[in-house]
Amino acid sequence: MKLIIIGGVTGGASAAARARRLSEDAEIILIERGPDVSFANCGLPYHIGNVIPDRNKLLVVTPQRLRERFRLDVRVNSNVTAIDPVAKTITIAQRDGKTAVETWDKIILAPGAAPIRPAWPGVDLPGVFTLRNLQDMDRIKGAVDRGAKRAVMIGGGFIGLELVENFVARGVQTTLVERNQQVLGPFDAEMTTPITEALIQHGVQVLFGETTMAIESQDGALAVRLETGKLLPTDLVVMGLGVRPENVLAVQAGLEVGPRGGIRVNEFLQTSHPDIYAVGDAIEVRDFVSGDPTQVPLAGPANRQGRIAADNVLGRKSRYRGTQGTAILGAFGKTAAMTGASEKMLQRSGRPYRAIYVHPADHAGYYPGAEGMTLKVLFDPETGKLLGAQGIGGNGVDKRIDVLAVALQAGMTVYDLEQMELCYSPQYGSAKDPVNMAGFVAAGLLRGDHPQISLPELRSLPPERFPWLVDVRLPEEYAAGHLPDAVNIPVDELRSRLAEIPTDREVVTYCQVGQRGYLATRILLQAGYRVRNLSGGYRTYLLFSRTHH
Ligand code: FAD
């Protein structure tokens with residue numbers, strides 16, 4: 001068996017190592033266009049910020065190491081320029097200018113995805129960068145080391161925000177230009193509010209709804225010209241506009257690709273050619289929740305796919321289950337994480353869902369250092385099956401989203417979340433873990449014990465059906481800010497003040513985070529009222545209401 005793996009970083013290196021573990025006999029050639037294999041893409045922004053000062057730490061495994069430990073034929077600085085699917089050969093352009101031809105029995109394609117470079121005038125000016133590999137990183141870091149004082153980051157995705165944080169750490173005055181009205185596109189907008197606020201608090205100029213038109217050279221520096229006419233003078237520009245699958249080889253070889261360019265594979269990661277497999281950012285995957293084809297450029301899926309493709313090449317049937325899009329960002333002390341479908345994705349696909357919010361602390365409030373978080377859980381309104389979850393806060397968000405990611409993949413429901421037994425002592429969690437809390441709130445909604453309304457639903461009600469809003473917090477909390485038209489009756493006075501509440505209208509209760517509102521709902525339900533609690537209370541209202549553009 002002669003296996004050729006094209007692309008030697010995340011998916012490719014993982015496939016190569018797995019293939020060797022399964023077969024001592026296979027001839028395995030790992031071909032990489034660049035000078036490095038298996039480097040830590042995800043660590044690149046942190047070397048720029050000097051968080052990882054030693055560049056060598058990013059070279060997870062050297063070609064030498066792969067040769068010694070896995071007996072791989074590793075060829076760096078070698079670009080595969082063609083695959084002949086009939087003659088079963090590939091052509092390789094080597095750095096010495098020579099061309100080599102290799103035969104193959106099987107191929108695993110792991111060429112990744114390239115940063116999108118728009119056709120704006122000026123994208124090729126010196127000082128305008130994208131970030132994919134160590135060489136890009138060296139160029140950006142070099143500019144900062146040479147004293148760049150100002151940076152414009154175009155695109156507020158994961159890599160963009162990581163770079164912004166690291167620029168700020170280096171004392172570079174940074175402007176973030178984002179075409180949408182939110183950072184982190186895969187998240188629902190309200191869940192990103194605390195991240196935007198953290199950016200602003202750290203001195204980042206955040207420009208939403210701004211489209212870049214051109215990059216200009218100006219007085220020895222650069223300037224980014226926006227469609228609105230604004231001109232942003234700067235010393236360096238990084239474009240973080242997403243990635244596009246590297247599919248040229250696949251297309252030339254006649255392999256099927258999807259509408260957005262991802263190489264089509266089946267559940268065994270086999271392309272339309274039975275002897276060619278493909279993994280990582282270059283492929284189209286099945287969305288775990290919707291079942292639809294999609295492209296999700298993440299390191300975890302690429303790694304697992306590498307393993308699975310190697311299994312299949314070497315005769316072990318191994319299926320890829322689809323991609324949930326479990327992702328996390330840490331920036332300026334805030335953590336945003338998600339798994340599965342977002343609300344906007346569910347809306348777009350027309351799939352029925354319900355959403356709840358909870359705002360628990362990461363660990364017992366009486367133990368020092370407790371930090372608040374917001375969890376949003378999306379689930380099927382009939383079965384309670386999990387469809388997606390998002391978390392924003394600080395410590396402990398990662399753990400809760402990981403638990404929810406596992407639950408989602410296992411096909412669990414919100415009723416299962418109620419029953420989950422998770423580790424607890426005061427410094428780590430609560431006897432009712434945030435995941436349990438989310439389960440209680442969601443299952444209470446489905447059982448009818450805790451009728452809830454979301455803020456968008458409340459806002460969409462026509463005036464004749466608009467409910468009587470009651471704020472059940474303390475008067476001082478109400479005085480510090482409340483929903484328009486809300487009447488204040490603290491929950492402890494509710495039973496004695498029922499006469500003040502009209503019986504001919506629906507009532508919506510709310511408190512700070514949802515808990516007192518829930519109790520108020522129970523009191524009013526049992527007194528015969530038609531009542532719902534505003535999910536997540538005033539804190540969720542603030543997430544929706546605070547805008548920064
Ligand atoms: P890659 O790892 O990109 O490897 C593809 C390799 O193939 C490239 O090195 C390329 O040179 C080579 N190649 C392409 N064509 C050819 C050819 N014709 N011949 C020879 N070689 C070829 N993901 C996360 O999950 N979490 C993170 O925190 C995270 N942070 C990131 C930060 C940055 C700055 C970047 C750039 C990415 C980050 N990612 C992160 C994404 C993650 O790195 C990718 O999803 C993952 O590396 C994809 O693996 P891959 O094997 O498909 O492609």
Side-chain angles (χ1 to χ4, degrees), residues 4-16 29-49 52 58 60 74-83 90-95 100 102 107-116 129-137 140-141 155 157-163 165-166 186 238-240 242-253 262-263 265 269 278-283 285 295-307 309 323-331 336-338 398:
I4 289 189
I5 300 172
I6 302 172
V9 187
T10 313
S14 136
I29 309 179
L30 183 65
I31 307 178
E32 168 56 47
R33 180 200 287 153
D36 311 296
V37 288
S38 195
F39 63 86
N41 324 48
C42 311
L44 303 178
Y46 302 97
H47 182 56
I48 295 169
I52 304 171
L58 299 173
V60 182
V74 183
R75 304 196 193 162
V76 289
N77 298 312
S78 301
N79 188 25
V80 178
T81 52
I83 299 174
I90 58 163
T91 310
I92 311 161
Q94 298 172 173
R95 198 165 56 169
E102 282 289 344
I107 284 180
I108 297 177
L109 274 171
I116 291 172
F129 306 102
T130 53
L131 178 60
R132 179 183 187 185
N133 53 34
L134 289 157
Q135 292 67 45
D136 299 332
M137 174 193 78
I140 299 172
K141 185 164 188 294
F158 289 86
I159 295 174
L161 295 189
E162 288 173 357
L163 272 170
E165 182 184 36
N166 283 288
V238 184
M239 299 182 293
V243 294
R244 190 170 286 140
E246 287 233 26
N247 64 8
V248 178
L249 276 180
V251 171
Q252 281 173 354
I263 304 169
V265 291
L269 304 177
V279 302
D281 289 2
I283 68 169
V285 289
Q295 285 165 203
V296 185
L298 288 171
N303 257 296
R304 294 198 309 283
Q305 290 159 10
R307 217 179 132 84
T323 300
Q324 284 169 241
T326 308
I328 188 160
L329 170 93
M338 70 177 290
D398 56 341

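Atoms within each ligand, like the ligands themselves, are counted from 1 in listed order.
- For atom 4 (O) of ligand 1, the choice among N41, V9, V80 with the nearest heavy atom turns out to be V9.
- At the top of the distance list for atom 26 (N) of ligand 1, counting protein heavy atoms only, stands C42 SG, 3.8 Å.
- Every atom of ligand 1 with a heavy atom of A302 under 4.0 Å away is listed here by number and element: 48 (C), 49 (O).
- Residue-level proximity to ligand 1 for L298 is carried by backbone and side chain together, each with a heavy atom below 4.0 angstrom.
- Taking a cut-off of under 4.0 Å to the non-hydrogen atoms of R132, the atoms of ligand 1 that pass are 3 (O), 5 (C), 8 (C), 10 (C), 36 (C).
- Nearest to atom 45 (O) of ligand 1 by heavy-atom distance, out of D281, L163, L329, L109, is D281.
- A side chain to side chain contact (heavy atoms under 4.5 Å, CB included) with I90 is found for exactly one of T81, I31, L249, namely I31.
- Put simply, part of S78 is less than 4.0 Å from ligand 1, judged by heavy atoms.
- The proximity of T81 to ligand 1, defined as any non-hydrogen pair under 4.0 Å, does not occur for either the backbone or the side chain.
- Here is the list of ligand 1 atoms found below 4.0 Å of a heavy atom in L249: 18 (N).
- Taking all heavy atoms of E32, M137, R33 into account, the minimum distance to atom 16 (C) of ligand 1 is reached by R33.
- The shortest contact between atom 41 (C) of ligand 1 and any protein heavy atom is with P297 O, 4.0 Å.
- At a heavy-atom cutoff of 4.0 Å, ligand 1 is contacted by both the backbone and the side chain of P111.
- Looking only at heavy atoms of the protein, atom 7 (O) of ligand 1 is closest to G7 CA, 3.2 Å.
- Distance from atom 5 (C) of ligand 1 to its nearest protein heavy atom, with residue and atom name: A110 O, 3.2 Å.
- I107 CD1 to I83 CD1: the interatomic distance, rounded to the nearest 0.5 Å, is 4.0 Å.
- Every atom of ligand 1 with a heavy atom of I31 under 4.0 Å away is listed here by number and element: 20 (C), 21 (N).
- The backbone N or O of A93 lies less than 3.5 Å from no partner atom in the side chain of N79, so there is not a single donor-acceptor pair.
- Crowding of R307 atom CZ: a count of heavy atoms from other residues, nucleotides or ligands under 6.0 Å not exceeding 12.
- Between V279 and V265 there is no side-chain heavy-atom pair separated by less than 4.5 Å.
- Atoms of ligand 1 lying under 4.0 Å from any heavy atom of G280, numbered from 1 in the order shown and given with element: 52 (O).
- For atom 35 (C) of ligand 1, the nearest protein heavy atom (residue, atom name, distance) is I159 CD1, 3.4 Å.
- One finds the CZ atom of F39 at 4.5 Å from the CG atom of N41 (value rounded to the nearest 0.5 Å).
- The residue N133 has no part lying near ligand 1, judged by heavy-atom distances below 4.0 Å.
- For atom 47 (O) of ligand 1, the nearest protein heavy atom (residue, atom name, distance) is T10 OG1, 2.7 Å.
- Exactly one of I108, V80, L30, I29 qualifies for a side chain to side chain contact (heavy atoms under 4.5 Å, CB included) with I6. That residue is V80.
- Shown in contact with L131 at under 4.0 Å from a heavy atom are these atoms of ligand 1, numbered in order with element: 34 (C), 36 (C).
- Rounded to the nearest 0.5 angstrom, L134 CG and K141 NZ are separated by 12.5 Å.
- The closest side-chain donor-acceptor pair between Q135 and D36 falls under 3.5 angstrom.
- For atom 24 (C) of ligand 1, the nearest protein heavy atom (residue, atom name, distance) is A299 N, 3.4 Å.
- Among residues two or more places apart in sequence or in another chain, the side-chain contact (heavy atoms from CB on, under 4.5 Å) test is passed with R132 by R33, A114, P115, D136, E246.
- In this structure Q94 satisfies the side-chain hydrogen bond (donor to acceptor under 3.5 Å, both in side chains) test together with D96, sequence neighbours excluded.
- For atom 51 (O) of ligand 1, the nearest protein heavy atom (residue, atom name, distance) is G11 N, 2.7 Å.
- Between the S78 side chain and the V76 main chain, a donor and an acceptor come within less than 3.5 Å of each other.
- Among all heavy-atom pairs drawn from P297 and D281, the shortest one is CA-OD1, 3.1 Å.
- Every atom of ligand 1 is numbered from 1 in the order shown, and the set under 4.0 Å from a heavy atom of N79 is 17 (C), 18 (N), 19 (N).
- For G11 against A110, the heavy-atom pair with the smallest separation is C-CB, 4.0 Å.
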